[in-house]
Amino acid sequence: MSAAFDKLARPIQKWTRQQGWKELRDIQARATHVLMDGNRDLIVAASTAGGKTEAAFLPLLSQVLDEPCEDSGFDVLYVAPLKALITDQARRLEEICRDTDLPITPWHGDVSSSVKAKATKRPRGVLLITPESLEALFIRRGLEIPRLFGATRAVILDELHSVLDSERGIQMRSLLTRLEIALKRPIRRVGLSATLGDMELAKAYLRPDSPSEVEQVIAEGGSAELQLQLHGYVAGDKDDEGPSATDAIAQHLFENLRGSDNLVFGGARQAVEIYSDRLRALCEKEHLPQEFYPHHASLSREHRDFVERRLKDGTAPTTAICTSTLELGIDIGDVTCVGQIGAPFSVASLRQRLGRSGRRPGKPAILRQYAVEAKLTPTSNFSDRLRLGMVRAIAMIELLLEGWCEPPQREALHLSTLVHQILSVIAERGGIRAQQLYGILCQIGPFRQVDTQLFLDVLRALGQPEVALIEQASDGLLLLGANGEKLVEHYSFYAVFQTPEEYRLISGGKELGTLPIDNMIAPGMLLIFSGRRWLVQEVLARDRVILVAPAKAGVPPIFGGDPGNIHDRVIQRMFDVLEGQKRPIYLDATALELLDEARSNYGQLLFDPGTIAQLSDNAAVIATKTGSVRTTTLALALRASGFTVQTHDGFLEVFGKDESPELIDALSALADGKEVDLFAHSPNLLFEKFHPHLTEELLQKDALSAHLDASGLAELTHAILGRD
DNA sequence: GACCTGCTGCGGACTG
């Protein structure tokens with residue numbers, strides 16, 4: 001055994017031998033050297049089941065066993081974003097520590113209060129906890145924090161890649177600084193992550209003040225062979241003979257996946273249900289045992305456990321048709337193939353999904369991508385003619401093959417999460433001065449984009465009598481207000497993310513249905529609902545209502561025109577695909593036909609002066625050639641100039657009104673730096689959980705920092721007009 | 001044209 005092995009404590013060595021391991025894995029040996037020879041922070045990056053957990057825990061547990069700490073408190077803190085992961089890891093650690101007296105304490109909402117009471121009475125060993133439960137400890141037991149964590153020598157952050165730029169990630173960073181402030185000393189940070197798009201950004205996330213001091217251990221590999229296929233399908237009309245695209249895909253999955261373990265990502269819950277149903281029917285028809293099961297968050301925990309167990313134990317062949325539920329989380333073992341129906345939303349997620357396949361030596365990773373495109377008619381929308389879904393799938397596969405994936409987003413203000421942490425720190429301490437609060441959250445903590453003026457504006461908003469989340473005592477101390485007390489008291493406070501709320505769509509007093517909105521929607525924009533195109537008339541964000549009218553203009557694309565958060569680089573690659581000649585070898589015959597069709601239709605759009613094409617007298621298409629942030633910004637700017645606008649991947653469809661200026665004139669004005677009020681028509685600005693407590697002005701600043709790029713508008717319009 | 005994640009303390013009924 002190696003030098004790294006010799007460093008481990010005896011009981012840990014014994015466990016390792018019992019596993020039949022001849023050697024520590026490479027990342028485990030390297031992590032052991034880093035963790036046992038110094039006190040540096042560390043990021044361990046490897047795929048699921050790559051041995052990351054042991055890489056962090058074997059050396060840290062060895063230190064705890066060989067050099068016990070005199071102070072009271074848990075020795076090691078482990079934070080993970082999923083309850084299932086905590087339960088799973090606790091079980092593995094129990095095994096490792098069986099011959100020691102180190103207690104392992106899983107702590108989340110499903111853990112009984114007796115376990116928690118016992119652990120807090122005499123805190124020792126390893127605490128495995130969710131960010132929300134840790135938040136609750138700060139709020140409910142603020143004064144006990146030093147006693148609970150006085151001995152803590154390291155905190156392990158699992159699934160680091162999944163929280164890097166999210167609200168929960170900011171919350172976790174804030175909690176870590178608050179922990180260090182309460183203990184008056186730094187605590188070593190160890191991040192466990194999937195392969196990252198940008199290691200430097202991850203280091204800055206883990207230790208913002210000294211990212212260059214963070215060590216990294218990255219798994220070698222990714223050497224598995226990749227087998228790729230992209231299957232194209234054309235959605236049929238009702239009167240068409242032959243199977244629908246859905247039936248054809250189900251048949252193809254049935255024939256190719258039967259008899260092995262697979263994951264098929266269906267995109268949406270409804271699609272997951274439809275495909276599962278077809279596949280079940282196919283099994284019944286052939287009198288075969290059932291092996292295709294749906295898996296998404298609306299299904300019961302019992303059913304999901306059943307599917308996960310079947311995948312993991314490998315006794316019976318199992319294919320899960322799933323949403324992103326099976327992208328993260330516990331190890332479900334190796335699968336033969338990963339299916340993806342429709343274009344994914346990010347290359348990072350595609351890579352993570354593909355990482356579930358081809359993990360055994362000598363086995364290839366297999367990706368089967370399915371693209372469904374509309375049957376074209378003389379009145380088809382331009383976006384259907386350009387086959388944008390399939391083109392995006394190709395662009396993402398190309399970027400995946402090049403090893404690229406999206407880096408974390410730029411630093412935003414995160415005002416909703418700031419509100420949460422303001423209330424939480426006040427609750428933890430009973431009361432605090434504004435200046436000290438600013439220091440904790442914005443100078444040492446993660447809200448560094450927030451200057452003192454903005455911070456005071458936020459405090460003022462929260463202190464408004466009708467808001468009453470905080471108040472100031474006569475001695476200047478900030479306290480919770482009446483509403484703040486109520487909010488913090490309820491257990492629903494601990495989570496910092498919003499549970500999606502649906503907007504009601506109303507046309508002429510009649511309700512059309514509900515739609516979850518997580519994008520910038522403003523009056524004068526078009527949206528698709530139940531196969532029809534609607535003009536947004538008014539957004540009543542605080543009532544969660546959108547008033548719409550049937551839109552006269554144009555035929556809607558098969559899928560809506562509401563692009564999610566697509567990165568600039570993906571859109572640029574889509575244009576490379578449209579403008580290029582290369583015919584990727586992984587496309588099947590139909591996909592090749594669709595690609596040729598897309599290129600030919602793109603050529604016929606006659607873009608002049610390069611990026612603007614006139615569709616009819618009052619309709620034009622602009623190729624923005626850039627991602628959703630800048631495309632949405634231009635959409636709002638044109639809307640402010642009187643146009644009706646619909647967004648697509650890298651394109652805007654623009655309709656004039658009688659009183660609207662010519663499109664070129666409007667773009668020229670923007671290129672010349674004309675100031676427009678992007679919020680002139682009250683777009684929806686309530687995206688996050690604590691947004692409803694902020695003023696319109698603060699909401700606009702938050703949106704500008706995260707969802708829009710006002711300063712890039714002149715540059716974008718310059719490019720569109722072909723100016724230098 | 002999406003998807004996912006999380007949650008305390010207390011009172012009262014019941015069991016051994």
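In what follows, every chain begins at residue 1, and chains take the letters A, B, ... in the order their sequences are listed. Predicted model only: the values in this text are computed from it and were never measured.
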Nearest whole Å is fine: how far is [N] [atom2] from [X] [atom1]?
X	N	atom1	atom2	result
Asp158(A)	dT5(B)	CG	P	16 Å
Glu373(A)	dG1(B)	CD	P	13 Å
Phe529(A)	dA2(B)	CZ	C1'	15 Å
Ile571(A)	dG1(B)	CD1	P	17 Å
Gln171(A)	dT5(B)	CD	P	16 Å
Arg392(A)	dA2(B)	CZ	P	11 Å
Arg387(A)	dG1(B)	CZ	C1'	17 Å
Glu502(A)	dA2(B)	CD	C1'	12 Å

Can you find a side chain N or O atom of Thr323(A) that sits less than 4.0 Å from OP1 or OP2 on dA2(B)?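 No, outside the criterion.
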
With heavy atoms under 4.0 Å as the rule, sort Gln498(A) into base, sugar-phosphate or nothing.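 The residue Gln498(A) makes base contact.
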
At under 4.0 Å between heavy atoms, what does Arg304(A) touch on the DNA or RNA strands: base, sugar-phosphate, or nothing?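 Sugar-phosphate, backbone atoms only, no base.
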
If you define the side chain from C-beta out and look only at heavy atoms, does anything of Gln369(A) sit under 4.5 Å from Ile341(A)?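 In short, these two side chains do not touch, never coming nearer than 4.5 Å.
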
Heavy atoms, side chains only, cut-off 4.5 Å: are Ile170(A) and Gln421(A) in contact?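 Not in contact.
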
Pairwise N/O distances under 3.5 Å, protein to nucleotides 6-11 of chain B:
unit_1 : atom_1 : unit_2    : atom_2 : d
dG6(B) : OP1    : Lys83(A)  : N      : 2.5
dG6(B) : O3'    : Thr130(A) : OG1    : 3.4
dC7(B) : OP1    : Gly109(A) : N      : 3.0
dC7(B) : OP1    : Thr130(A) : OG1    : 2.7
dC7(B) : OP1    : Ser133(A) : OG     : 2.8
dC7(B) : OP2    : Gly109(A) : N      : 3.1
dC7(B) : O2     : Tyr491(A) : O      : 2.3
dC7(B) : O2     : Ser492(A) : N      : 3.2
dT8(B) : OP1    : Ser133(A) : OG     : 3.3

Parallel, tilted or perpendicular, as decided by the 30° and 60° cut-offs, for the rings of His303(A) and Phe306(A):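 Ring orientation, 0 to 90° scale: tilted.
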
Kindly state whether the ring of Phe265(A) and the ring of Tyr275(A) have centres lying under 6.0 angstrom apart.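 Ring-ring flag for Phe265(A)/Tyr275(A): false, centres at least 6.0 Å apart.
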
Ring centroid separation Phe690(A) to Phe493(A) under 6.0 Å: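 Yes: the rings meet the under 6.0 Å criterion.
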
Work out which heavy atom in Pro344(A) is nearest to a heavy atom in Met396(A); give both atom names and the distance.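 Looking at all heavy atoms of both residues, the shortest contact is O-SD, 3.3 Å.
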
